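Before any comments, here is the structure.
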Amino acid sequence: MDLGIDGRVALVLGASSGIGRGVATALTREGARVAIVSRSPERLERAASEIDGDVTGFEGDTGDLERMAALPGEVATELGAIEILVTNTGGPPVGAALEAGLEDWREAHDSLILAPRVLIEAVLGPMCERRWGRIVNVGSSATWEPIPGLALSNSHRPGLVGFFKTLAREVAADGVTVNDVATGRFATDRLAANWGGWERMEGEAAKEIPAGRLGTPEEYGDLVAFLASERAAYITGTSIPIDGGLLRSI
């Protein structure tokens, strides 16, 4: 299937490893010109050299809102106007409902809600003018079912989905789609750290996930590439689970 994004300019946050890198890899495979962002210069350089395709690295931390506001302009100057934006801001610390302090709550709000909002504001005008744009958020299944021990994620991610739903209705007639991906358990270093190691994480996945395994970043990237494509022009304002059947809700 031709996804129709050959030559499109994409900006992917958190793309030096894990899910973000899987997304960047899928987009470059379809011919997109991809700007990848990471706060680690070393990981950024390694990813840019290892991903097969048109990839350019940019340093940035989603916790730095001033940097997020400036980043799209830098990408546009070097690669051209951004046509695909993938907001991937990682996850806040693990913790019980009242375990995190107020500063942790503020940082989670900045990263999970304000950073995507700042990035979208910077790219949306030109998308609407061209009457073509794709915005996809790397979210969490916590927007469907709260996850034990992830109070900050459970509290903030639904707020971003509410913003996406509102925005999607406002720009649908301009040819811009806005979607969220409700992420289940994927084989990443971050998830392994949260679960106390790869062996335990994979063992729990085999018992709890109907598919019997963790998802791969490559599988995730395939879904995002489709949502970013010409073929997905009528899909907007939704949150799509990708979780191997883990969610119990309808």
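Computed from a predicted structure; not experimentally measured.
No donor-acceptor pair under 3.5 Å is formed between the side chain of S239 and the backbone N or O of V181. The closest donor-acceptor contact from the side chain of R185 to the backbone of E202 lies at 3.5 Å or more, if one exists at all. Side-chain atoms of E107 never come within 3.5 Å of backbone atoms of G63 as a donor-acceptor pair (strictly under, hydrogens ignored). At least one donor-acceptor pair closer than 3.5 Å links the side chain of R33 to the backbone N or O of L79. A donor-acceptor pair under 3.5 Å is formed between the side chain of S49 and the backbone N or O of R46. S155 places no side-chain N or O within donor-acceptor distance of the main-chain N or O of L152, the cut-off being under 3.5 Å. Between the side chain of D174 and the main chain of V176, no donor-acceptor pair closer than 3.5 Å is present. The main-chain N or O of I240 is never found under 3.5 Å from a side-chain atom of N179 such that the two would form a donor-acceptor pair. Here the side chain of N88 pairs a donor or acceptor atom with the backbone of G14 at under 3.5 angstrom. Between the side chain of R67 and the backbone N or O of E59 there is at least one donor-acceptor pair closer than 3.5 Å.
In this structure, the side chains of V171 and C128 come closer than 4.5 Å at one or more pairs of heavy atoms. In this structure, L167 and E170 have side chains that are in contact, with non-hydrogen atoms separated by less than 4.5 Å. Looking at heavy atoms from C-beta onward, I147 lies out of side-chain contact with S153 at the 4.5 angstrom threshold. With contacts defined as side-chain heavy-atom distances shorter than 4.5 Å, the pair L150/V94 qualifies. Taking the side chain as every heavy atom from C-beta outward, L27 and R8 never approach each other to under 4.5 Å. Between V138 and V86 the shortest side-chain heavy-atom distance falls below 4.5 Å. Side-chain contact between P72 and L119 is present, with at least one heavy-atom pair separated by less than 4.5 Å. Residues R134 and L227 fail the side-chain proximity criterion, which asks for heavy atoms closer than 4.5 Å.
Hydrophobic cluster membership is shared by I235 and V23, with clusters built from Ile, Leu, Val, Met, Phe, Trp and Tyr side chains linked at under 4.5 angstrom. Hydrophobic cluster membership is shared by I113 and V37, with clusters built from Ile, Leu, Val, Met, Phe, Trp and Tyr side chains linked at under 4.5 angstrom. Side-chain heavy atoms closer than 4.5 Å link hydrophobic residues (I, L, V, M, F, W, Y) into clusters, and following such links, possibly through other members, connects F163 to L124. By the rule that hydrophobic residues join a cluster once side-chain heavy atoms approach within less than 4.5 Å of another member, V34 and L3 end up as members of one cluster.
Other members of the hydrophobic cluster containing L247, listed by chain and number, are W144; membership follows side-chain contacts under 4.5 Å among ILVMFWY residues, whether direct or relayed.
Other residues, nucleotides and ligands contribute over 12 non-hydrogen atoms within 6.0 Å of the CZ atom of R130.
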I would like to know whether V75 and V123 meet side-chain contact (heavy atoms from CB on, under 4.5 Å); could you show each step before the answer?
CA-CA 11 Å; V75 174; V123 305; over 6 Å; no
Show, in sequence, the C-alpha distance, side-chain angles and deciding distance for L13 and F58, and conclude whether the side-chain contact (heavy atoms from CB on, under 4.5 Å) test is met.
CA-CA 9 Å; L13 279 293; F58 294 83; over 6 Å; no
Run the side-chain contact (heavy atoms from CB on, under 4.5 Å) check on T87 and F164 step by step: do they pass?
CA-CA 11 Å; T87 54; F164 266 48; 4.1 Å; yes
Working note: I135 + M127, criterion side-chain contact (heavy atoms from CB on, under 4.5 Å); need CA distance, chi angles, decisive distance, verdict.
CA-CA 10 Å; I135 299 171; M127 286 182 177; 4.1 Å; yes
Would you please test R231 and E30 for salt bridge (charged side-chain N to carboxylate O under 4.0 Å, His left out) and show each step?
CA-CA 13 Å; R231 308 283 78 80; E30 298 298 328; over 6 Å; no
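Between S141 and G184, the shortest heavy-atom distance links the atoms OG-CA, 4.3 Å. Between A108 and P92, the shortest heavy-atom distance links the atoms CB-CB, 4.1 Å.
Using a 3.5 Å distance cut-off with no hydrogens or angles, the side chains of T62 and T89 do not pair a donor with an acceptor.
The existence of a salt bridge linking R43 and E50 is excluded, since no basic side-chain nitrogen approaches an acidic carboxylate oxygen closer than 4.0 Å. Note on R117 versus E121: salt bridge recorded, some NZ/NE/NH1/NH2 to OD/OE distance being below 4.0 Å.
The distance from atom NZ of K165 to atom OG1 of T238, rounded to the nearest 0.5 Å, is 6.0 Å.
None of D222, D6, D52, D54 except one satisfies the salt bridge (charged side-chain N to carboxylate O under 4.0 Å, His left out) rule with R29; the exception is D222.
Listed by chain and number, the residues in a ring-ring contact (aromatic ring centres under 6.0 Å, His included) with W105 are H156 (sequence neighbours excluded).
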